[in-house]
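Step one of this worksheet: look at the structure below.
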Amino acid sequence: MVQINWTHQSVADLRAIFVYISKDSKNYAKLQIIRIKKRTKILHSQIYSGQIVPEINKHHTRQLIEGHYRIIYKVVTPSRIDILTVHHSARNLENRIS
(Lines give C-alpha, C1' and ligand atoms only; values in the text may rest on other atoms or scores of the structure.)
Protein backbone atom coordinates (compact mmCIF):
# COMPACT_ATOMS: atom_id res chain seq x y z
CA MET A 1 0.00 0.00 0.00
CA VAL A 2 1.14 3.52 -0.79
CA GLN A 3 2.14 5.73 2.12
CA ILE A 4 0.79 9.28 1.83
CA ASN A 5 3.02 11.75 3.66
CA TRP A 6 1.60 15.20 4.44
CA THR A 7 4.54 17.61 4.54
CA HIS A 8 4.82 20.43 7.07
CA GLN A 9 3.82 22.87 4.33
CA SER A 10 0.70 20.93 3.38
CA VAL A 11 -0.40 20.63 7.02
CA ALA A 12 0.14 24.38 7.47
CA ASP A 13 -1.91 24.95 4.31
CA LEU A 14 -4.80 22.90 5.71
CA ARG A 15 -4.67 24.88 8.95
CA ALA A 16 -4.72 28.17 7.06
CA ILE A 17 -7.65 27.01 4.93
CA PHE A 18 -9.53 25.98 8.05
CA VAL A 19 -8.88 29.30 9.80
CA TYR A 20 -9.92 31.32 6.76
CA ILE A 21 -13.16 29.43 6.10
CA SER A 22 -14.06 29.17 9.80
CA LYS A 23 -14.39 32.96 9.97
CA ASP A 24 -17.71 32.36 8.21
CA SER A 25 -18.52 28.79 9.22
CA LYS A 26 -16.62 26.30 11.36
CA ASN A 27 -18.80 23.49 10.06
CA TYR A 28 -18.05 24.31 6.43
CA ALA A 29 -14.34 24.66 7.28
CA LYS A 30 -14.34 21.13 8.75
CA LEU A 31 -16.18 19.77 5.72
CA GLN A 32 -13.70 21.38 3.32
CA ILE A 33 -10.71 19.84 5.11
CA ILE A 34 -12.44 16.44 5.09
CA ARG A 35 -13.11 16.76 1.34
CA ILE A 36 -9.48 17.64 0.63
CA LYS A 37 -8.17 14.70 2.65
CA LYS A 38 -10.74 12.33 1.16
CA ARG A 39 -9.71 13.37 -2.36
CA THR A 40 -6.20 12.04 -1.75
CA LYS A 41 -7.48 8.52 -0.96
CA ILE A 42 -7.42 7.69 -4.68
CA LEU A 43 -3.62 7.86 -4.52
CA HIS A 44 -3.52 4.64 -2.50
CA SER A 45 -4.41 2.73 -5.66
CA GLN A 46 -3.66 5.16 -8.53
CA ILE A 47 -0.55 7.19 -7.81
CA TYR A 48 -0.45 8.87 -11.21
CA SER A 49 -4.16 9.73 -11.32
CA GLY A 50 -3.56 13.47 -11.01
CA GLN A 51 -2.54 15.83 -13.80
CA ILE A 52 1.04 17.01 -14.23
CA VAL A 53 1.37 20.47 -12.66
CA PRO A 54 1.73 22.84 -15.66
CA GLU A 55 3.95 25.33 -13.79
CA ILE A 56 6.44 22.58 -12.94
CA ASN A 57 6.00 20.16 -15.86
CA LYS A 58 7.65 17.17 -14.18
CA HIS A 59 6.21 13.67 -14.48
CA HIS A 60 6.40 12.92 -10.74
CA THR A 61 4.85 16.21 -9.55
CA ARG A 62 1.09 16.12 -9.99
CA GLN A 63 -2.12 17.65 -8.76
CA LEU A 64 -5.58 16.62 -7.73
CA ILE A 65 -8.38 19.17 -7.80
CA GLU A 66 -10.93 19.45 -5.01
CA GLY A 67 -13.27 22.37 -5.46
CA HIS A 68 -11.14 25.50 -5.70
CA TYR A 69 -8.06 23.77 -4.27
CA ARG A 70 -5.10 22.18 -6.00
CA ILE A 71 -3.56 19.35 -4.00
CA ILE A 72 0.03 19.24 -5.27
CA TYR A 73 1.86 15.98 -4.67
CA LYS A 74 5.09 14.26 -5.64
CA VAL A 75 5.50 10.57 -6.34
CA VAL A 76 8.70 9.91 -4.39
CA THR A 77 8.68 6.14 -4.93
CA PRO A 78 5.97 3.71 -6.08
CA SER A 79 5.13 3.23 -2.39
CA ARG A 80 5.45 6.82 -1.11
CA ILE A 81 3.70 10.07 -2.04
CA ASP A 82 4.39 13.46 -0.47
CA ILE A 83 1.57 16.00 -0.41
CA LEU A 84 3.59 19.17 -1.02
CA THR A 85 0.96 21.89 -0.73
CA VAL A 86 -2.75 22.59 -0.88
CA HIS A 87 -3.18 25.72 -2.93
CA HIS A 88 -6.21 27.83 -3.84
CA SER A 89 -6.53 27.84 -7.62
CA ALA A 90 -7.09 31.62 -7.77
CA ARG A 91 -3.61 32.27 -6.37
CA ASN A 92 -0.30 32.22 -8.22
CA LEU A 93 1.59 28.98 -7.66
CA GLU A 94 4.82 29.81 -9.48
CA ASN A 95 6.58 31.46 -6.52
CA ARG A 96 5.37 28.82 -4.09
CA ILE A 97 6.81 25.53 -5.30
CA SER A 98 9.48 24.23 -7.61
Side-chain angles (χ1 to χ4, degrees):
M1 177 176 254
V2 175
Q3 174 189 352
I4 298 176
N5 176 46
W6 290 80
T7 63
H8 293 293
Q9 178 63 55
S10 63
V11 171
D13 294 337
L14 289 178
R15 279 192 210 117
I17 291 165
F18 179 84
V19 168
Y20 182 77
I21 296 173
S22 67
K23 291 176 185 176
D24 293 325
S25 169
K26 287 192 185 223
N27 286 332
Y28 184 71
K30 288 177 190 176
L31 286 173
Q32 186 61 55
I33 299 305
I34 290 168
R35 284 185 196 121
I36 290 169
K37 288 183 174 181
K38 187 176 181 181
R39 182 71 176 102
T40 65
K41 299 294 183 191
I42 193 171
L43 299 175
H44 285 292
S45 60
Q46 300 175 15
I47 62 175
Y48 290 103
S49 64
Q51 306 167 331
I52 293 174
V53 179
E55 296 89 342
I56 299 170
N57 199 26
K58 292 184 180 175
H59 178 69
H60 295 295
T61 305
R62 296 180 167 260
Q63 66 182 354
L64 295 171
I65 306 298
E66 177 54 46
H68 295 290
Y69 293 96
R70 299 169 69 184
I71 306 164
I72 312 292
Y73 69 95
K74 181 176 184 176
V75 178
V76 180
T77 68
S79 60
R80 179 178 158 209
I81 291 173
D82 287 353
I83 307 294
L84 302 176
T85 188
V86 181
H87 192 76
H88 195 283
S89 60
R91 298 178 68 199
N92 187 349
L93 180 67
E94 290 182 4
N95 296 330
R96 186 101 192 263
I97 190 169
S98 57

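Fair warning: this is a prediction, and the values are worked out from it, not measured in the lab. For the numbers below, each heavy atom of this structure counts, side chains included, while hydrogens, waters and symmetry mates do not.
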Contact summary for Tyr73 and Gly50, nearest pair of heavy atoms: OH-N, 3.1 Å

Carboxylate-amine/guanidinium proximity below 4.0 Å for Arg70 and Glu55: yes

Side-chain (Arg39) to main-chain (Ile65) donor-acceptor, under 3.5 angstrom: yes

Rounded distance [0.5 Å steps], CD in Gln32 versus CD1 in Ile36: 4.5 Å

Step-by-step side chain to side chain contact (heavy atoms under 4.5 Å, CB included) determination, Gln63 to Ile52: CA-CA 6 Å; Gln63 66 182 354; Ile52 293 174; over 6 Å; no

Rounded distance [0.5 Å steps], CD1 in Ile21 versus NZ in Lys30: 13.0 Å

Residues Tyr69, His87; criterion ring pair (Phe, Tyr, Trp, His ring centres under 6.0 Å); working and verdict: CA-CA 5 Å; Tyr69 293 96; His87 192 76; 9.1 Å; no

NZ on Lys23 to CZ on Phe18, rounded to 0.5 Å: 12.5 Å

Between CD1 on residue Ile47 and NE2 on residue His60, distance to nearest 0.5 Å: 8.5 Å

Under 3.5 Å donor-acceptor, Ser10 side chain and Leu84 backbone: no

Gap separating the CE atom of Met1 from the OG atom of Ser45, nearest 0.5 angstrom: 8.5 Å

Salt bridge Arg80-Asp82, side-chain N to carboxylate O under 4.0 Å: yes

Pair Asn5-Ile83, side chain to side chain contact (heavy atoms under 4.5 Å, CB included): steps then yes or no: CA-CA 6 Å; Asn5 176 46; Ile83 307 294; over 6 Å; no

Sole residue of Leu64, Asp13, Thr85, Leu43 in side chain to side chain contact (heavy atoms under 4.5 Å, CB included) with Ile71: Leu64

Audit row: Tyr48, Arg62, side chain to side chain contact (heavy atoms under 4.5 Å, CB included) steps and yes/no: CA-CA 8 Å; Tyr48 290 103; Arg62 296 180 167 260; 3.1 Å; yes

Ser22 backbone acceptor or donor facing Ser25 side chain under 3.5 Å: no

Single-linkage hydrophobic cluster, 4.5 Å side-chain cutoff, Ile42 and Val75 together: yes

Test item: His68 side-chain N/O and Ser89 main-chain N/O as donor-acceptor pair under 3.5 Å: no

Nearest-0.5 Å distance, NZ of residue Lys41 to CD of residue Gln46: 15.0 Å

Check: Lys58 main-chain N/O paired with Thr61 side-chain donor or acceptor under 3.5 Å: no

In one Ile/Leu/Val/Met/Phe/Trp/Tyr side-chain cluster, 4.5 Å: Val76, Val2: no

